[in-house]
Amino acid sequence: MRYRTFGKAGYSISEIGYGAWGIGAKMWQGARDEDSIAALRRAIELGLNFIDTALAYGDGHSEQIVGRVVRDTPSKVFVSTKIPPKNFLWPARPGIGIEEVFPYDYIIQSTEQSLRNLGLEAVDLQQLHVWNAEWFGSEEWRRGLEDLKTSGKAKAVGISINDYQPDSALEIVKSGLIDSVQVIYNIFDQSPAENLFPACREHNVGVLARVPLDEGGLTGTITPDTVFPPGDWRNAYFKDDRKQQVADRVAALRKDLEGVPGTLPEIALRFCLSDPAVTSVIPGMRRISTVESSCSVSDLGPLPAEVLASLKKHEWRRNFYPE
Ligand SMILES: NC(=O)c1ccc[n+]([C@@H]2O[C@H](COP(=O)([O-])OP(=O)(O)OC[C@H]3O[C@@H](n4cnc5c(N)ncnc54)[C@H](OP(=O)(O)O)[C@@H]3O)[C@@H](O)[C@H]2O)c1
């Protein structure tokens, strides 16, 4: 496992981080806690030292599992979590003021709840789980995040950017007021590389590449016959003819990747790490086999330039997220 410096926060974090949404076992159905714990432990054994969870993942369940594993681990594992929008609306909607979404007291109380779930005295990173550029001038988030740092409850602070709106974070990145951003970045959505990544490099802001496997689209396992468990949110993400669309895109991708070593998901993770602005890529993982596959990618280094050039034409800008 290789490590990169996490922006101004200065932590040395593993290139592969642990996306802990699925182990919350609510929106993603099917995770069993004993498997999730074994997968987290295996990841740490393999050198992973960064976990991304959120209060909203299973209403605190993901945080509880992460806390259990991290408290038991002798080596340092950096834990990042998120404050859900108070109105529980993902993504942030234009025209809704920050006082409805991240009022000052709520920022503090939500962090305290996360610390109770985690059983920790501080998180290494606290993030706003949505972001709306209209809030930039507001005092609520500035004071909230600053006070989290001065009180020691959060050692670093950042935002998770709305789906497919990387440029909405440019102003806050340039302000120097945050340590990191979390953004969708994968072979299908390469847009953060245009403006956001150069700004993050210039202002020394850490980048967490989320949804690197397109919620499963880039695992190469989705076919028109794929069935998700009842209650699993992917029934909406891959609804109607979308599974067919994904399968067609993946078939074209595989053709261009012939001869590149590794499975499609491994190449997809390597793609993310090929941009030096990315500090860590955080695939969602619920089992040991995916952990071992994902963690194997870091040592391979960036993809060759000609492969990256051929991946450019596989960009596919669309929004499958349910509103
Ligand atoms: N708004 C936000 O802030 C936001 C939104 C979405 C996600 N996130 C963060 O980003 C993380 C990643 O996104 P995600 O979990 O939604 O989706 P993802 O990482 O794009 O896809 C997760 C899927 O990929 C599979 N997978 C992972 N590594 C694999 C490998 N090496 N080979 C084959 N399959 C592999 C997983 O399998 P198994 O589960 O079966 O192991 C899971 O089905 C989340 O867990 C969360 O921490 C944040």
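Remember, it's 1-based here, ligands and their atoms both numbered in the order they're listed.
- Close approach of ligand 1 to Gly19 (heavy-atom distance below 4.0 Å) involves ligand atoms 11 (C), 44 (C), 45 (O), 47 (O).
- Among protein heavy atoms, the minimum distance from atom 26 (N) of ligand 1 is reached at Leu213 CD1, 3.5 Å.
- Within the set Thr81, Thr290, Ile288, Val130, the minimum heavy-atom distance to atom 41 (O) of ligand 1 is found for Thr290.
- By the criterion of side-chain heavy atoms lying less than 4.5 angstrom apart, applied directly or through intervening Ile, Leu, Val, Met, Phe, Trp or Tyr residues, Val157 is grouped together with Ile98 in one hydrophobic cluster.
- In terms of N/O distances under 3.5 Å, ligand 1 is approached by Asp52.
- Contact check on Lys153 versus Asp147 returns no salt bridge, with no Lys/Arg side-chain nitrogen under 4.0 Å from an Asp/Glu carboxylate oxygen.
- With hydrogens left out, the protein atom closest to atom 9 (C) of ligand 1 is Gln182 OE1, 3.4 Å, a heavy atom.
- At least one heavy atom of Tyr57 sits less than 4.0 Å from an atom of ligand 1.
- A donor-acceptor contact closer than 3.5 angstrom is absent between the side chains of Thr223 and Asp225.
- In this structure, Glu292 falls outside the shell of residues with a heavy atom less than 4.0 angstrom from ligand 1.
- A donor atom on one side chain and an acceptor atom on the other are found under 3.5 Å apart for Thr221 and Thr219.
- Ligand-side atoms of ligand 1 in range of His129: 1 (N), 2 (C), 3 (O), range being under 4.0 angstrom from any heavy atom.
- For atom 4 (C) of ligand 1, the candidate residues are Arg210, Arg287, Glu266, Arg286; the nearest heavy-atom contact is made by Arg210.
- Ring centroid separation for the pair Tyr57 and His129 comes in under the 6.0 Å cut-off.
- Listed by number with element, the atoms of ligand 1 under 4.0 Å from a non-hydrogen atom of Gly284 are 12 (C), 15 (O), 19 (O), 22 (C), 23 (C), 24 (O), 25 (C), 26 (N), 27 (C), 36 (C), 42 (C), 45 (O).
- Between Ile23 atom CD1 and Asp35 atom CG the span is 11.0 Å, to the nearest 0.5 Å.
- A salt bridge does not link Arg249 to Asp214: none of the charged nitrogens lies less than 4.0 Å from a carboxylate oxygen.
- Under 3.5 Å, the side chains of Ser280 and Glu15 contain no donor-acceptor pair of N or O atoms.
- Between Asp214 and ligand 1, an N or O atom pair is found at a separation short of 3.5 Å.
- Within a 6.0 Å radius of NZ in Lys255, no more than 12 heavy atoms belonging to other residues, nucleotides or ligands are found.
- In the vicinity of Gly216, heavy-atom distances shorter than 4.0 Å reach the ligand 1 atoms 21 (O).
- In this structure, of Ile282, Ile16, Thr263, Leu128, the residue bringing a heavy atom nearest to atom 12 (C) of ligand 1 is Ile282.
- In this structure, atom 16 (O) of ligand 1 lies nearest to the protein heavy atom Glu215 OE1, 2.4 Å.
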- May I have the step-by-step check of side-chain contact (heavy atoms from CB on, under 4.5 Å) for Val123 and Leu125, ending in yes or no? CA-CA 5 Å; Val123 284; Leu125 175 68; over 6 Å; no

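- Of all the atoms in ligand 1, the ones that sit under 4.0 Å from a non-hydrogen atom of Ala20 are 45 (O), 47 (O).
- For ligand 1, the polar-atom distance check against Pro283 finds no nitrogen or oxygen pair separated by under 3.5 Å.
- Residue, atom and distance of the protein heavy atom nearest to atom 28 (N) of ligand 1 are Ser294 OG, 3.1 Å.
- If you check which protein heavy atom lies closest to atom 43 (O) of ligand 1, you get Trp28 CZ3, 3.6 Å.
- Near Ser160, meaning under 4.0 Å from one of its heavy atoms, ligand 1 places the atoms 1 (N), 2 (C), 3 (O).
- In terms of protein heavy atoms, atom 44 (C) of ligand 1 is closest to Trp21 CB, 3.7 Å.
- For an aromatic pair to be called close, the ring centres must be under 6.0 Å apart, and Phe228 with Trp233 fails this.
- A donor atom on one side chain and an acceptor atom on the other are found under 3.5 Å apart for Ser80 and Gln127.
- Residues His61 and Asp33 have side chains that bring a donor and an acceptor to within less than 3.5 angstrom of each other.
- Within ligand 1, the atoms closer than 4.0 Å to a non-hydrogen atom of Lys82 are 3 (O), numbered from 1 in the order shown.
- Looking only at atom types and distance, the side chain of Glu215 has a donor-acceptor partner in the side chain of Tyr321 under 3.5 Å away.
- Taking each of Ser293, Cys295, Gly220, Gly24 in turn, the one with a heavy atom nearest to atom 31 (N) of ligand 1 proves to be Ser293.
- Of all protein heavy atoms, the one closest to atom 33 (C) of ligand 1 is Pro265 CG, 3.5 Å.
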